[in-house]
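When a ligand or atom number is given, it counts from 1 through the structure's own listing order.
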Amino acid sequence: MKCPRLRSALLLLLVGLAARAQPVLIRAGRLVDPATGTAITGQQILVEGGVIRAVGANVTVPAGAQVVDLSDRTVLPGLMDAHTHLCLTMTTQGGKGLNELLQRLLASTLLETNARRALIGAKNARDMLESGFTTVRDVGNAGNYADTDLRRAVEEGIVPGPTILNAGRIIGPLGGQYHGIQPDRPDLGEPEYLYADTPDQMREAVRKNALFGAKVIKIVIDDQPYLYSVEDVKVLVAESARAGLRVAAHAATEAGVRIAAEGGVASIEHAYTASTEALQLMKKKGVYLVGTDFSRSAAEAMGMADYHQKVVERLKRARAVGVLIAYGTDIVFPAPGETRGTLSIGGIESFQEAGFTPAEILRSMTTSAAKLLGVDGQRGAIRPGLAADLVAVPGDPLADASVLRRVSFVMKGGTIVKR
Ligand SMILES: [Zn+2]
C-alpha cells in the first residue's frame with residue numbers, strides 16, 4: 001500500500017469496525033419513543049454491528065458483550081437538525097442587520113479557501129455530534145462542495161460527525177442570496193451559489209449537484225426582487241426527483257411560501273412571515289416547515305432581534321394549523337462559551353415559548369425530521385433493525401425538553417462517541 005492517506009483511512013475504518021464488532025448492551029433507566037410521546041422504564045437495548053438488534057426488559061445477552069449502564073438516565077433516539085450550515089462560521093463582529101449579515105457571508109465566499117471551509121465543517125460536525133445530533137441535513141453555503149468532502153470524511157471515519165445529507169451548492173436565480181451584487185462582477189456569488197434562471201439552467205444545476213455528491217437540493221425562492229415561479233419550482237422538483245433527491249426551499253415571505261408549497265417542495269425553510277392561510281396550504285400539500293426558529297439570544301447575535309418574536313408567533317399558528325414540523329436551526333455564528341451543538345439545541349426555547357409540549361418538540365427532532373430527510377427506515381427511533389443512533393439525558397425529556405441541553409451519552413451507528 002503506497003498511499004499513506006489511503007492506509008490511514010483504512011486503519012481508521014478497521015479500528016471503527018473492530019469497535020463496532022463487539023456487541024453492546026445498554027441498560028436504559030427510561031426509554032423514550034418520540035413517535036408516541038411515551039416512555040417505559042427498565043429497558044435493555046442490544047447493539048451489534050452498528051445496528052439495534054433487540055429492545056426489551058430481558059434481552060438475551062451474547063457472550064462478551066460490553067455493558068453500558070444508563071439506568072440513571074433516559075435514553076432516546078439521536079437528535080436531528082434539518083437546517084445546518086456546518087462549513088460556515090461567520091463572525092458576529094461588525095454591523096448588525098440582514099444586509100451586514102449577507103456581506104459577512106460574501107466575505108466568507110471571497111476570502112476563505114475551500115480547505116478552510118471543510119476544516120470549519122469538521123469542527124462544527126464534531127460539536128453537533130457531542131450535543132446529541134446524530135443526523136443533520138446541511139443546506140449549502142459550503143464553498144465549492146466542501147460539504148461533500150465533509151460528508152464522505154464522516155462516512156469513512158476520518159472525522160467524527162453526524163450522518164450528513166448535504167446540499168452542495170444552493171440553486172437560486174442570478175445573484176444567489178447576495179442583495180445588490182454589482183453588475184461588473186455578478187459572479188461574486190460563486191461558488192457559494194449556482195445561478196439558474198432558465199429551465200435548462202435549473203436542470204443543469206440540479207444535475208451538477210447530484211454529480212458532485214449532493215443528497216438534497218436547496219433552492220432559494222424569494223431572496224431577490226425576482227422570485228422563482230411555481231413553474232420554475234416544479235422544474236427543479238421534477239429534475240431533483242429524477243436524481244432521487246428532495247428539495248428544501250428558502251422562502252421567507254408570504255409569496256415565496258405559497259410558490260414553494262404549490263411547486264411541491266419537501267420543506268420550506270424559514271417562512272418567517274407566512275400567513276395562517278399559507279401555513280394551511282403547506283399542510284394541505286404535506287410540506288414540512290423547517291422554521292429556523294432563533295432563540296432570543298441567537299436572534300440578537302445574528303443582529304435580527306425582532307425575528308425571535310416573529311418566529312414564536314408563527315410557531316404558535318403553525319401548531320394550531322397542524323403543519324408538519326421538522327426541527328432546523330440555521331446557526332452560523334459563534335458565541336462565547338457555546339459550541340455549534342449547544343447553540344443548535346438552544347432553538348428549543350422558541351418552541352417552548354410557543355407552547356409546544358416536550359413530546360412535540362422531541363418528535364420534530366426525531367420522528368418528523370427522519371421522515372422529511374427520508375431516513376425513517378434507518379434512523380429516528382430505537383427499534384430492532386435501525387442504526388444504533390441514540391443519546392441519553394438526565395431527567396425526563398417528556399416532562400421538560402430543557403434536559404436535551406444536557407446530553408451525557410451519544411452513540412452513533414453503534415460507536416460510543418460520548419459518555
Ligand atoms: Zn440557512
Side-chain angles (χ1 to χ4, degrees), residues 80-92 97-109 117 120-121 124-125 128 133 135-143 146-147 150 162 164-172 175-179 189 191-194 209 214-224 228 246-253 256-257 260 265-274 288-295 298-299 301-304 307-308 310-311 314 325-335 340-341 343-344 346-347 350 364 369 372-373:
M80 299 189 181
D81 184 338
H83 191 119
T84 64
H85 299 285
L86 296 178
C87 296
L88 176 67
T89 296
M90 292 196 290
T91 169
T92 46
L98 194 57
N99 274 327
E100 287 73 11
L101 197 74
L102 286 165
Q103 274 166 23
R104 291 201 292 273
L105 176 59
L106 185 56
S108 288
T109 300
R117 300 292 288 271
I120 287 170
N124 286 331
M128 288 297 281
F133 290 99
T135 307
V136 304
R137 192 181 63 162
D138 197 68
V139 288
N141 292 128
D147 55 346
L150 177 65
I164 299 171
L165 279 80
N166 64 300
R169 282 165 68 178
I170 298 173
I171 300 172
Q177 285 183 274
Y178 293 121
H179 303 176
E192 211 75 33
Y193 294 88
L194 269 172
N209 271 336
K215 298 296 174 190
V216 62
I217 296 296
K218 166 83 175 295
I219 66 173
V220 175
I221 291 191
D222 61 355
D223 217 356
Q224 292 292 356
Y228 273 148
R246 298 181 184 189
V247 174
H250 168 113
T253 64
V257 169
V265 302
S267 66
I268 293 178
E269 318 297 302
H270 315 305
Y272 295 127
T273 55
Y288 279 79
L289 170 66
V290 180
T292 63
D293 309 287
F294 292 136
S295 67
M302 296 282 280
M304 299 159 71
Y307 277 68
H308 175 64
K310 227 181 257 184
V311 295
R314 194 263 287 106
I325 293 178
Y327 189 76
T329 59
D330 206 15
I331 301 292
V332 292
F333 61 89
R340 181 61 59 93
L343 287 165
S344 298
S350 301
S364 78
L372 167 62
L373 271 56

Next item on the list: Measure the acute angle between the ring planes of Phe133 and Tyr327, then classify it against the limits of 30° and 60° as parallel, tilted or perpendicular.
Entry: parallel
Item checked: Under 3.5 Å donor-acceptor, Thr89 side chain and Phe333 backbone -> no
Margin query: Going by ring-ring contact (aromatic ring centres under 6.0 Å, His included), name the residues that satisfy it together with His83, two or more places apart in sequence or in a different chain.
Written below: His85, His270
Note to self: Holding to ring-ring contact (aromatic ring centres under 6.0 Å, His included), I want the full list of residues that pass it with Tyr288, two or more places apart in sequence or in another chain.
What the structure shows: none
Checklist line | Pairwise distance CD1(Ile331) to CG(Leu86) - rounded to 0.5 angstrom | finding: 12.0 Å
Checklist line | the Zn ion (ligand 1): protein N, O or S atoms that are less than 2.8 Å away, sorted by chain | finding: His83 NE2, His85 NE2, Asp330 OD1
Check: Residues two or more places apart in sequence or in another chain: which of them pass ring-ring contact (aromatic ring centres under 6.0 Å, His included) with Tyr228?
Finding: none
